Amino acid sequence: MTDFQIDRRWQNLASHFSSLDEFLSWQSRQIQSKKAQQGEALQSRPAVSLNNDRSNAFFQNGHDDGLPPTLPSSPFWPWYPRPDERRSLVRSWVRHSDFLGDWEDYSSSPWLWRQRFTEAVADLVGLEDTEYALKRTNFERCNKKISTAQLVHFDNGDKEVKIYRCGNKYCLDCVDRKRKKEAMQIRRIAQALVRFGVINKAWRIVVTFPDRIAAKACSDRELQKVLFEVVRKALNKIFTGKVKSRIGIAPWAHLVGDTDMFRDRFHLHLFVLPCYLDGDKWVNCDVGEKLNVSELRNLINKMLAKKGVLQGDEQVINPQVRWVSDEKILAGKINLNYDSRGFGKSFIQSVKYYNKDKNIMLIGKSKKVNVGRKKEIQFGVKAVTVEQFAERWVWLRDNTPRLQYWGWLNSWEKLVEQGLIVLEQEQEQEENREIVGVEKVRLEKQIERCFDKNEQTVKFVMKEYVVLKNGQRLEVGKDIKEFRGSIPAAANSPDPECVS
């Protein structure tokens, strides 16, 4: 590390350490302590041999027993808003650790690990091509950086692109895309209720459970059902005075937190539409400008204790509650993508560095610590193999409960048919158009930097580009629309193959 780099880093760390020597000695102690713990863990292991060439390829550096040692995890550092400050700490830790070789960060090439990750997921869930469906081929094609699509030409001169999506529940991109559609549908229903004066606001609520329950519920379906039932009854009691399911609620279960994809943390994100049906008439049951959080928490605690879920002095943490005004609902400013997310994007962005030679990656982690009366965020990284990362993703998808709306929202389609909910008509494609030609084009996915003004940090956004034969690049969704209809057999070309 150069003197300039040390000086620059020390300027960022001066508020947490009294001197530069103190920080360097602290970091050295953390690394030595971690190595000592790993050494003790190795000595206490029984001499058992594992026949796993894929996972042992990385660990053949001084370990003769065939057992992979515990991959190290960095200490927690103070959180810095600027990404370059966090990146410098991670790089320093990598240099002082036993990791050798070339490391690629997320912004340079996230596709280096996506191919191996996709293959590992396909092996875990047993995706194979059959005579009737190319499941594995479509799954791998959907996760490639470069593939092909079809450019659809219409008789009025319009051009749209037909992109093939695998739609698999284990696809990082398709999971998020499906959840966005669900969130968009809920947004349209809320707008319809506001437009006809049924409600004047909606509520967004987050219910967090004690650590023991939050960890157990991730893989316990029966406990999940109990938590769903208790929260549903408590919300109905708050809004209507009865525990019977009447109001419309969209519940999304999150099995992990925001920053650590390997921490089991079951919690609920709920979108509440405070109204119910009395025969064929809508009744507004809003609680006013302020929801009694203490009453809601006490109700949930009482119901969970009655069912024997809580132990000792365990209590549900105060739910996070805020309401969305009718103006924001009508303007479409309800961002439910965070509440309804499928964690595909979160998994992708949690990878900070990747070593293609050893096939391991550094995953971000964080925790909140009490500093006086305030809570501060500390961050770090942990090392995992691509196979472990794939196993975690499959576990998350297998244990995430299927989305099922509560109350009248569960049968909203019937209410639309009966005319009790009048949705705003979506902009439909022109029916007069006819497809006159289809041609194969190149489809490229690209990761681009984007500055988030709200969080004051740099994020990475994946964009899709269509590359025409003349070299022109068109961004999907901005320069060219995505064609979501079906192509007639007469105009349809053969299913395009991927471009490697």
Side-chain angles (χ1 to χ4, degrees), residues 50-58 68 109-150 161-182 218-219 221 255-256 261-262 342-348 350-351 354 356 358-361 363 384-403 438 440-445 462 464 482 484 486-487 489 492-500:
L50 296 181
N51 297 321
N52 190 344
D53 296 334
R54 294 183 65 184
S55 62
N56 288 340
F58 159 67
S109 182
W111 304 101
L112 290 175
W113 62 268
R114 283 284 292 268
Q115 181 177 358
R116 295 187 180 181
F117 171 82
T118 303
E119 294 173 354
V121 171
D123 292 338
L124 285 171
V125 300
L127 285 180
E128 297 294 342
D129 291 341
T130 64
E131 182 181 356
Y132 305 100
L134 302 177
K135 294 183 178 181
R136 188 180 183 107
T137 299
N138 293 334
F139 179 72
E140 293 179 349
R141 177 174 63 183
C142 198
N143 286 273
K144 281 190 174 182
K145 179 181 179 180
I146 300 175
S147 59
T148 54
Q150 288 183 304
V161 60
K162 176 70 174 180
I163 302 176
Y164 292 91
R165 314 286 189 186
C166 69
N168 194 289
K169 68 179 265 187
Y170 300 104
C171 178
L172 293 168
D173 299 328
C174 291
V175 168
D176 285 345
R177 193 174 291 108
K178 179 183 178 182
R179 287 298 183 93
K180 284 183 179 180
K181 289 182 179 180
E182 295 171 351
C218 288
S219 54
R221 288 298 177 91
L255 271 60
V256 295
M261 298 296 106
F262 278 77
F343 285 92
K345 184 178 179 181
S346 300
F347 259 71
I348 294 173
S350 69
V351 180
Y354 174 62
K356 61 181 179 181
K358 299 178 180 180
N359 200 30
I360 59 175
M361 52 181 61
I363 308 298
V384 297
T385 63
V386 174
E387 287 75 13
Q388 291 172 333
F389 198 56
E391 289 175 0
R392 181 64 175 178
W393 171 248
V394 173
W395 172 88
L396 177 70
R397 295 302 306 142
D398 287 340
N399 288 278
T400 299
R402 184 176 62 88
L403 177 62
V438 177
K440 188 185 300 184
V441 292
R442 181 187 180 97
L443 180 69
E444 294 182 0
K445 298 179 181 179
M462 188 182 72
E464 295 175 319
E482 182 176 353
R484 304 187 183 277
S486 58
I487 301 176
N492 191 13
S493 62
D495 189 28
E497 299 178 355
C498 286
V499 180
S500 60

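These values consider heavy atoms only, across backbone and side chains, with no hydrogens, waters or symmetry-generated copies. Bear in mind the structure is a predicted one, so any value in this text is a computation, not a measurement.
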Student: Below 4.0 angstrom, N of the basic side chain to O of the carboxylate: do Glu182 and Lys180 qualify?
Tutor: no
Student: Can you tell me how far the CZ atom of Arg442 sits from the OG atom of Ser147, to the nearest 0.5 Å?
Tutor: 9.5 Å
Student: Any heavy-atom pair between the side chains of Thr385 and Asn359 that's under 4.5 Å?
Tutor: no
Student: Report yes if some heavy atom in the side chain of Cys171 is under 4.5 Å from a heavy atom in the side chain of Asn138; otherwise report no.
Tutor: no
Student: Thinking salt bridges, do Glu119 and Arg116 make one under a 4.0 Å N-O criterion?
Tutor: no
Student: Examine distances only and state if a side-chain atom of Asn168 and a backbone atom of Phe139 form a donor-acceptor pair shorter than 3.5 Å.
Tutor: no
Student: Evaluate side-chain contact (heavy atoms from CB on, under 4.5 Å) for Leu124 paired with Glu391, printing each intermediate quantity in order.
Tutor: CA-CA 7 Å; Leu124 285 171; Glu391 289 175 0; 3.7 Å; yes
Student: Minimum heavy-atom separation for Pro401 and Leu255, please, with both atom names.
Tutor: CD-CD1, 4.1 Å
Student: Thinking salt bridges, do Arg165 and Asp173 make one under a 4.0 Å N-O criterion?
Tutor: no
Student: When you compare the side chain of Leu172 with that of Ile348, does any pair of heavy atoms fall below 4.5 Å?
Tutor: yes
Student: Kindly compute the distance separating NZ (Lys178) from CG (Leu403), expressed to the nearest 0.5 Å.
Tutor: 8.5 Å
Student: Does a donor on one side chain and an acceptor on the other come within less than 3.5 Å for Asp129 and Thr137?
Tutor: yes
Student: To check you understand the geometry: which heavy-atom pair defines the closest contact between Met361 and Val386, and what is its length?
Tutor: CE-CG2, 3.6 Å
Student: Contact between Leu443 and Ile146 at the side-chain level, heavy atoms closer than 4.5 Å - yes or no?
Tutor: no
Student: What I'd like to find out is whether the side chain of Phe117 reaches to under 4.5 Å of the side chain of Val351, using heavy atoms alone.
Tutor: no
Student: Looking at Glu140 and Lys144, is any side-chain nitrogen of the basic one under 4.0 Å from a carboxylate oxygen of the acidic one?
Tutor: no
Student: For the atom pair NZ (Lys145) and CD (Glu444), what is the distance rounded to the nearest 0.5 Å?
Tutor: 7.0 Å
Student: Using the rule side chain to side chain contact (heavy atoms under 4.5 Å, CB included), only one of Leu396, Val394, Thr400 pairs with Asp398; which is it?
Tutor: Val394
Student: Should the pair Phe389 and Phe262 be assigned to parallel (<30°), tilted (30 to 60°) or perpendicular (>60°) ring geometry?
Tutor: parallel
Student: Within the 4.5 Å heavy-atom criterion, are Trp395 and Cys218 side-chain neighbours or not?
Tutor: yes
Student: Would you name the heavy atoms of Asn399 and Ser219 that are closest together and state the gap between them?
Tutor: OD1-CA, 3.4 Å
Student: Check the side chains of Tyr170 and Asn143 for a donor-acceptor pair under 3.5 angstrom, ignoring hydrogens and angles.
Tutor: no
Student: Should Phe343 and Arg397 count as side-chain neighbours, where that means a heavy-atom distance under 4.5 Å?
Tutor: no
Student: Is the shortest heavy-atom distance from the side chain of Arg141 to the side chain of Cys166 under 4.5 Å?
Tutor: no
Student: Output the distance between atom CE (Met462) and atom NZ (Lys445), rounded to the nearest 0.5 Å.
Tutor: 5.0 Å
Student: Quick one: CD1 on Ile163 to CZ on Arg484, what's the gap to the nearest 0.5 Å?
Tutor: 8.5 Å
Student: Using 0.5 Å steps for rounding, measure from the OG atom of Ser350 to the CZ atom of Arg392.
Tutor: 10.5 Å
Student: Salt-bridged, Asp123 to Arg136, with N to O below 4.0 Å?
Tutor: yes
Student: Test Lys356 against Tyr354 for side-chain contact (heavy atoms from CB on, under 4.5 Å), laying out the working first.
Tutor: CA-CA 6 Å; Lys356 61 181 179 181; Tyr354 174 62; 3.6 Å; yes
Student: Grab the two heavy atoms, one from Lys135 and one from Leu127, that are nearest each other, plus how far apart they are.
Tutor: CB-CD2, 4.3 Å
